[in-house]
Number of protein chains: 2
Amino acid sequence: MKYKTVSWETDKIRLIDQTKLPRELAYLDCSNIEELWHAIKHLIVRGAPALGVVAGWGVYLGLRESKAKTFEEFFRELESTAAYLASSRPTAVNLFWGIERMKKVALDNKGRSVEEIKRRLFEEAKTIQKEDENLCMAIGEAGEELIKTGDNILTHCNAGFLATAGIGTALGVLYTAHERGKRFHVYADETRPLLQGARLSTWELSSSGIKVTLICDNMAGFLMKQGKVDKVIVGADRIARNGDAANKIGTYSVACLANHHKIPFYVAAPYSTFDLSIPDGSHIPIEERDPREVTEGLGRRIAPEGVEVYNPAFDVTPHSLITAFVTERGIIKPPYEKTIKRSS
Amino acid sequence: MKYKTVSWETDKIRLIDQTKLPRELAYLDCSNIEELWHAIKHLIVRGAPALGVVAGWGVYLGLRESKAKTFEEFFRELESTAAYLASSRPTAVNLFWGIERMKKVALDNKGRSVEEIKRRLFEEAKTIQKEDENLCMAIGEAGEELIKTGDNILTHCNAGFLATAGIGTALGVLYTAHERGKRFHVYADETRPLLQGARLSTWELSSSGIKVTLICDNMAGFLMKQGKVDKVIVGADRIARNGDAANKIGTYSVACLANHHKIPFYVAAPYSTFDLSIPDGSHIPIEERDPREVTEGLGRRIAPEGVEVYNPAFDVTPHSLITAFVTERGIIKPPYEKTIKRSS
């Protein structure tokens with residue numbers, strides 16, 4: 001990984017501006033929370049783990065200039081900072097997770113001075129970032145044995161370093177294998193409607209020295225039929241207790257196609273992605289997004305005015321189609337009703 | 001069908017300019033073969049059956065002003081006209097088919113005057129057009145029994161009136177059912193890379209009073225999983241003797257997904273699409289097209305410069321995934337090794 005998606009530089013957050021990729025590698029520095037709010041809102045930074053990290057830094061940015069005299073005053077500022085930050089992308093669960101973690105640090109230290117709490121918030125943001133880097137490394141370690149020299153590997157969306165503070169999850173597995181000297185080739189689904197595969201994964205992989213070929217999502221089946229895909233690896237946004245996994249729309253189709261062609265289908269994600277409170281995928285709500293992502297997201301209008309559009313952001317792949325999960329705690333194989341809980 | 005994709009108007013060919021859809025319904029008149037060559041080249045007219053019809057008119061356009069005195073002179077002009085016309089889209093099989101049919105009329109009438117041959121070429125072009133209209137009607141008649149009120153029907157690419165001189169093939173079945181008073185709803189795959197579904201099928205269907213919802217290709221599986229698709233109907237470009245069917249890239253993935261969800265998958269096409277000279281789909285060559293269709297076809301560049309791209313224009317769906325064929329000769333069901341030949 002040559003590039004850091006999120007980093008703290010002396011007194012500001014530095015982000016890769018993902019809206020400029022793949023045309024240009026540019027960084028955006030955020031010295032205050034308003035700049036960061038804008039960066040999240042406009043998808044300059046995206047990806048569930050990366051947003052968790054950014055949330056930590058965001059809370060710190062919003063409070064480091066605080067003039068509060070008492071904890072109560074400080075905590076009121078923290079709550080308004082948190083609400084403002086959360087409003088940048090109200091459906092991003094990891095944003096809330098990062099904010100809550102920062103809140104807890106403040107509450108756990110309410111007896112200390114405001115300056116000391118600020119210092120601890122800074123340390124917590126650093127810890128969240130470091131933890132994410134380590135998680136990615138550990139997922140890569142755990143999964144790299146699945147990758148062989150000569151493999152052709154299909155991936156969907158972007159579960160790479162651009163989605164995390166580290167080397168990525170699904171693509172992190174590939175980077176680790178590549179670093180161990182394995183040589184293989186990746187097919188990247190373009191991933192409509194927002195084209196994270198075309199814009200981000202192809203750029204990440206090729207700039208990391210891994211051979212990659214871009215395809216349209218609807219070409220995956222035909223590739224598999226021709227024997228050109230040896231395995232599939234993707235990320236996940238949320239995984240139920242039984243192993244049903246929510247991920248970017250289109251993942252379920254790829255999983256069905258892999259199953260039809262008897263191709264292994266792997267899901268790489270930190271163990272925290274498992275939500276043991278929900279028994280199965282039917283409890284995962286699916287966000288529907290703006291139709292214009294489909295009809296206008298590509299630079300010009302591609303469908304008639306007023307056309308009805310169905311645009312779910314995610315789909316749920318049932319555990320029966322998943323060969324194994326790759327987590328920082330190792331590879332989790334079926335029967336998931338036993339193995340997922342056992343890993344907890 | 002309110003609009004005619006191809007028609008002869010007194011002394012010129014009138015085409016719907018499909019490059020302006022869905023933003024605007026505009027017609028282009030071609031009074032000479034150069035204008036028609038340009039229209040084919042730039043996809044103002046497309047769709048296999050429509051190109052067959054246009055080829056007939058094109059040969060006539062190219063020869064109607066001929067000053068040839070002898071058949072030999074006239075036929076040399078015909079051959080150069082034919083070669084010029086064919087160069088507009090060298091991979092379009094139906095273009096060659098239409099040209100060959102016109103050549104045969106000239107050869108069959110070599111004993112007659114040049115003026116009489118011109119008259120017969122005009123009649124042949126008219127006949128080709130009329131035949132295509134009738135074929136579409138007959139396919140619609142044969143297939144409409146498959147469609148029920150309340151159905152949700154998925155289609156891929158554009159096998160509608162914009163692809164033919166008549167009401168279309170797959171969509172022709174839907175138009176016929178709709179005219180019989182059946183009320184149903186269609187999901188249109190956008191059909192990357194060239195977006196025929198988003199640009200053309202949604203416009204056709206909604207302007208014909210049929211409810212349509214646009215989806216990205218990768219959403220079809222998730223729709224099926226939710227029980228939102230009752231049947232699939234698509235067209236075909238070429239069908240082998242055993243029923244393996246080549247159609248727009250992505251059709252095979254849809255067929256696999258339909259099979260996985262036990263959803264009927266129908267292919268509607270004129271019987272002439274069956275190529276009884278090839279035993280199975282492995283004998284159908286798959287054209288690979290310009291990578292820029294994927295990386296730049298949408299108005300702006302969506303992937304890094306120089307990225308490797310795989311862009312097959314078609315794929316082949318094995319007969320085992322096809323529930324039935326709808327042709328002007330009726331519905332053809334398995335076992336195809338018997339039923340396809342029996343229909344010939």
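Letters go in sequence order (proteins before strands), and every chain restarts at 1.
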Residue from A:Asp217, A:Asp315, A:Thr251, A:Asp189 passing side-chain hydrogen bond (donor to acceptor under 3.5 Å, both in side chains) with B:Asn218: A:Asp217

For chain A, the option from B:Thr317, B:Thr202, B:Thr191 that forms the most heavy-atom pairs under 4.5 Å: B:Thr202

Intermediate values then yes/no, side chain to side chain contact (heavy atoms under 4.5 Å, CB included), B:Ile249 and A:Cys216: CA-CA 9 Å; B:Ile249 185 67; A:Cys216 297; over 6 Å; no

Shortest non-hydrogen separation from A:Pro304 to B:Ala198 and the atoms involved: CD-O, 3.5 Å

Distance, nearest 0.5 Å, that separates NE2 of A:His185 from CD of B:Glu308: 7.0 Å

Any A:Pro318 side-chain heavy atom under 4.5 Å of B:Lys225 side chain: yes

Presence of salt bridge, B:Arg192 and A:Glu190, under 4.0 angstrom: yes

Proximal component of A:Leu194, with respect to chain B [non-hydrogen, under 4.5 Å]: neither

Side chain / backbone / both / neither for A:Asn259 at chain B, heavy atoms under 4.5 Å: side chain

Region of A:Arg23 in contact with chain B, defined by heavy-atom distances below 4.5 Å: side chain

Part of A:Leu21 within contact of chain B (heavy atom distance under 4.5 Å): neither

Distance, nearest 0.5 Å, that separates CZ of B:Phe222 from CZ of A:Phe314: 11.0 Å

Heavy-atom pair with the smallest gap, counting every atom of A:Gly221 and B:Tyr252: O-CE2, 3.2 Å

Contact class of B:Tyr310 relative to chain A, heavy atoms under 4.5 angstrom: both

Within-4.5 Å side-chain heavy-atom neighbours: A:Ser253 and B:Met219: no

For the student: nearest non-hydrogen atoms of B:Val309 and A:Thr213, plus distance: C-CG2, 3.9 Å

A:Leu200 portion near chain B, given a 4.5 angstrom heavy-atom threshold: neither

Part of A:Val316 within contact of chain B (heavy atom distance under 4.5 Å): both

4.5 Å side-chain heavy-atom contact, B:His261 and A:Cys256: yes

Spacing of B:Ile302 atom CD1 and A:Leu214 atom CG [to the nearest 0.5 Å]: 6.0 Å

Side chain to side chain contact (heavy atoms under 4.5 Å, CB included) between B:His260 and A:Leu321, intermediate numbers included: CA-CA 12 Å; B:His260 185 91; A:Leu321 300 179; 4.1 Å; yes

Side chain to side chain contact (heavy atoms under 4.5 Å, CB included) evaluation trace for B:Gln226 with A:Ile286: CA-CA 12 Å; B:Gln226 296 171 81; A:Ile286 301 296; over 6 Å; no

